[in-house]
Amino acid sequence: MTAAPPPSRAARAVRPVAVVAGNRTPFAKAGGRYAQASAKDLLVAAVDGLVARTGLAGERLGEVVAGAVLKHSRDLNLTREAVLSTALDPATPAYDVSRACATGLETAVLLAGKIALGQVEAGIAGGADSASDAPVAVDEGLRRVLLALNRARTPGARLKALAGLRPGQVVPEFPRNAEARTGLSMGEHAARTAAHWGVSRQAQDELALASHRNLAAAYERGFFDDLLTPYLGLRRDALLRPDTTAEKLAALEPVFGRDLEVPATMTAGNSTPLTDGAAAVLLSTDEWAAERGLDVLAHLVDAQTAAVDHVHRGEGLLTAPVHAVPVLLRRNGLTLDDLDLVEVHEAFASTVLATLAAWEDEEFCRERLGLDGPLGTVDRARLNVAGSSLATGHPFAATGARILATTAKLLAERGGGRALISICAAGGQGIVALVEA
Amino acid sequence: MELPRDPYGDLVRSGPGAAAARRLGLPVPARLRRYAPGQELLTGPALVLRVGAAPLAADVAAWLAAAGARVLDDLDAAGGERLGAVVVDASAARRVPDLARLRELLAPAFRCTAHGGRVLVLGAVPAEAGVPGAGPDGEPGEGFGEGFGDVEGRSVQQALDGLVRTLGKEARGGTTVNLLRVAAGAGAALRSPLEFLLSARAAFVSGQPLLVGPAPAPPPARGRRVVVVTGAARGIGAAIAEVAARDGAHVVCADVAAAGEQLARVANRVRGSALPLDVTAEGAPRALAEHLRRRFGGADAVVHNAGVTRDRSFVNLDESAWDTVLGVNLAAPLRLTAELLRTDGALAPGARFVCLSSINGLAGAKGQANYAASKAGLVGLVQALAEPLARRGMAANAVAPGFIETPMTAAMPPLPREVGRRASSLQQGGLPVDVAEVVAWLASPGAAGVDGQVLRVDGQHLTGA
Ligand SMILES: NC(=O)c1ccc[n+]([C@@H]2O[C@H](COP(=O)([O-])OP(=O)(O)OC[C@H]3O[C@@H](n4cnc5c(N)ncnc54)[C@H](O)[C@@H]3O)[C@@H](O)[C@H]2O)c1
């Protein structure tokens with residue numbers, strides 16, 4: 001093959017970024033089927049399934065970008081180490097990214113940027129998380145003792161270091177799903193936002209029910225046959241309850257917001273539990289895909305991040321996408337009505353409902369989002385039509401890639417259209433993206 | 001893949017076990033020589049024997065020499081060295097005394113074959129031999145009057161069949177004996193089948209007749225060949241994928257979505273691609289045809305390997321066990337093939353189909369009415385397709401595996417399993433790779449002259465042999 005002469009710098013235009021294929025493991029509840037699998041194992045499985053489906057074994061890609069939220073210190077180079085265990089050419093470069101629950105979509109946005117700028121022709125983005133295999137830290141005091149012990153050169157110095165040990169230090173610290181600055185769990189934060197927007201228990205249960213029904217229906221029609229590869233004997237998301245009912249959901253005890261003035265509404269049924277799993281998407285230029293006979297599902301057109309101040313200004317922890325979406329839509333000259341599909345990550349049913357409520361609220365939109373009036377109403381028939389995190393579960397870093405692949409295929413299936421993806425994340429952050437086919 | 005063990009075979013092949021087996025007259029299965037890249041075609045010199053005019057012998061000798069074999073035309077020239085192959089050109093034999101000549105030439109050589117040797121008899125197509133004057137000597141048949149044709153010529157050619165099947169049973173040391181029936185005008189199309197049957201790739205093919213005819217004009221060369229294998233996630237399908245990839249093809253590995261984990265592993269190992277496809281699904285034919293057209297600009301070969309069993313005696317077979325087996329094994333290959341042929345661009349010029357039949361389909365098997373019917377149906381499928389496909393430069397063939405060491409046969413009860421293994425001339429079960437080698441060859445352009453055939457890969461199993 002003779003290389004074409006490099007184009008002059010000025011001639012290098014921004015190129016469209018194709019979403020070519022996606023693959024994920026089925027998701028499992030923490031401590032379930034994947035209890036013995038590490039985040040790396042899961043990532044390898046997701047990437048290998050994608051490589052197999054697209055026939056890329058032995059190929060060198062421009063970049064593999066992925067991450068994990070719950071990360072061991074040994075996984076410093078998680079993605080690169082994973083690549084070395086996949087069927088890809090070991091000379092495929094890779095790097096890790098972390099943006100809490102936004103990781104999976106952030107990796108795609110970063111990779112898309114490289115592709116658009118002509119730095120990469122094709123790559124894989126994704127993420128994996130194992131809540132089962134989460135890193136366990138030691139007490140800060142014990143950590144200092146151990147580090148001192150490691151530095152000590154003489155037996156005497158070692159003894160001296162050990163003398164710093166205190167009984168309380170040997171209790172390990174398990175990672176908690178808690179905000180660093182507020183100490184509140186994510187569910188408690190979400191409960192406060194739900195209370196603020198007056199999101200009802202019934203509305204949350206209805207959304208959860210729709211998520212399970214939509215996901216089950218998508219499985220039934222074989223929608224996931226080319227989006228998912230079974231792993232360790234699991235063929236579908238273990239959390240999916242195709243036969244759940246409004247009555248069953250209504251019978252669950254609330255678990256968050258029990259100390260608030262208003263009745264608690266958030267249950268295990270309308271909140272996502274800790275989940276294990278991994279997801280990956282293949283992005284490339286149109287030409288790269290065409291050369292391999294691979295069909296393009298959709299294009300990743302634009303993305304926007306935002307953050308809120310949940311610490312000082314009391315903004316809802318998971319409401320950053322509420323702010324990011326109007327910016328993204330305005331930049332692209334669009335309104336909510338121009339969207340054929342809307343994918344809002346279901347961290348909690350109440351998060352989705354609070355987000356929709358905020359966009360419908362004239363005062364909030366004027367004062368907080370700087371709009372002339374309400375952003376608008378999301379047509380429920382276009383929302384999370386193949387189910388979302390309440391039914392699939394939510395392995396933090398994998399969710400973005402799961403949603404991107406699902407969305408791209410939904411668009412391809414309907415023969416074109418425009419979709420919005422919205423994902424909230426810990427630390428008061430959020431990422432949203434526009435996908436078109 | 002973890003293969004079932006053959007403890008009996010291991011025992012009687014070594015040390016004290018071997019001595020005991022000899023004394024007791026127990027079968028001692030030979031270790032079969034199997035293909036490895038770069039391997040010599042034969043393990044010793046090739047003796048080419050001529051019965052009568054032997055019009056093929058000169059080409060055969062030249063091809064074997066080109067393949068690196070030392071070619072002899074006289075047993076004495078071997079100087080006591082064991083023969084890697086004996087090829088007898090009996091294609092011109094038409095009279096009973098020709099068979100006597102064949103015996104006279106072959107018997108001393110048959111004794112001298114090497115371990116894993118090959119005996120290959122080249123015959124004519126019996127129906128063609130029955131045409132008066134079709135033989136190279138141009139003489140009409142004797143004894144019968146007008147309108148009978150060369151009854152003796154046809155009889156003599158059919159006699160080769162019984163002879164070869166018997167020699168297969170008498171051969172020792174992993175030596176195989178086969179009959180290649182060469183149709184008029186086959187010409188160079190004979191070369192690949194000849195080399196294939198003589199090679200270690202055909203280790204588990206013995207006592208079989210195979211017909212080779214003229215090859216259609218070769219299609220224009222494309223890039224890497226694309227071979228589709230259904231049921232590729234495990235067993236024989238996975239082995240086919242591996243052999244086809246070894247021979248340079250991109251293998252589209254298809255299997256049900258539920259087998260996706262294994263399928264991905266196979267696809268990545270062979271650097272092919274994984275296609276989740278339930279061959280019985282309503283949309284499967286369309287999906288496969290579109291995938292092949294858009295992704296590859298057409299497949300060069302399609303292997304219908306996906307298969308299932310639901311064993312029950314005929315009277316106890318319920319509708320679901322019947323429909324499942326007939327659906328996967330027969331209806332699906334029929335629908336897929338029809339759709340691929342109907343869809344412009346789904347098949348490359350010269351495309352070849354290979355169906356996985358079974359010796360139980362040829363002979364019937366207790367408790368397998370559904371399975372045997374489906375597998376016999378596939379024989380009808382390739383026979384019906386043979387001519388219409390030949391007109392398009394394409395072909396369809398079937399292989400009928402015998403007892404193959406797979407997880408399926410490992411699950412059999414011990415006694416029937418042991419009987420199944422030993423009840424063949426090679427006295428052992430075949431390996432998935434043995435079937436895969438034959439399938440991959442039939443799927444290759446080399447087999448262009450082979451169409452509408454059913455080739456058993458069963459070590460000459462006693463079932464329906
Ligand atoms: N093993 C033997 O001894 C033997 C003997 C004779 C013939 N055969 C034939 O060889 C073929 C392969 O046999 P094997 O022993 O490897 O079987 P196997 O059961 O190990 O593998 C069969 C594969 O086909 C797949 N399959 C089943 N239904 C399918 C469907 N609807 N769509 C797509 N894929 C489907 C399965 O998932 C599996 O991966 C079969 O057709 C079988 O009948 C096998």
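Numbered from 1 within each chain, the chains take letters A, B, ... in sequence-line order.
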Using distance alone, with no hydrogens and no angle check, list the donor-acceptor pairs under 3.5 Å between chain B and chain A.
residue	atom	partner	partner atom	Å
B/Glu261	OE1	A/Leu232	N	2.9
B/Glu261	OE2	A/Leu232	N	3.2
B/Asn268	OD1	A/Ala52	N	3.2
B/Asn268	ND2	A/Asp48	O	3.0
B/Ala274	N	A/Ala52	O	2.7
B/Arg294	NE	A/Asp295	OD1	3.2
B/Arg294	NE	A/Asp295	OD2	2.9
B/Arg294	NH2	A/Asp295	OD1	2.9
B/Arg295	NE	A/Arg292	O	3.1
B/Arg295	NH2	A/Thr54	O	2.6

**Report entry** B/Asp318, CG: over 12 other non-hydrogen atoms inside 6.0 angstrom
**Finding:**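 Atom CG in B/Asp318 is packed in, count exceeds 12.
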Query raised in the report: Which heavy-atom pair separates A/Gly49 from B/Ala264 by the least distance, and what is that distance?
Result: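 Closest approach of A/Gly49 to B/Ala264, heavy atoms only: CA-CB, 4.2 Å.
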**Report entry** Distance-minimising heavy-atom pair for B/Gly260 and A/Pro230
**Finding:**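 Looking at all heavy atoms of both residues, the closest pair is CA-CD, 3.7 Å.
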Query raised in the report: Measuring heavy-atom distances to chain B, does A/Leu88 have an atom under 4.5 Å in its side chain, in its backbone, in both, or in neither?
Result: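 Contact with chain B involves no heavy atom of A/Leu88 at all.
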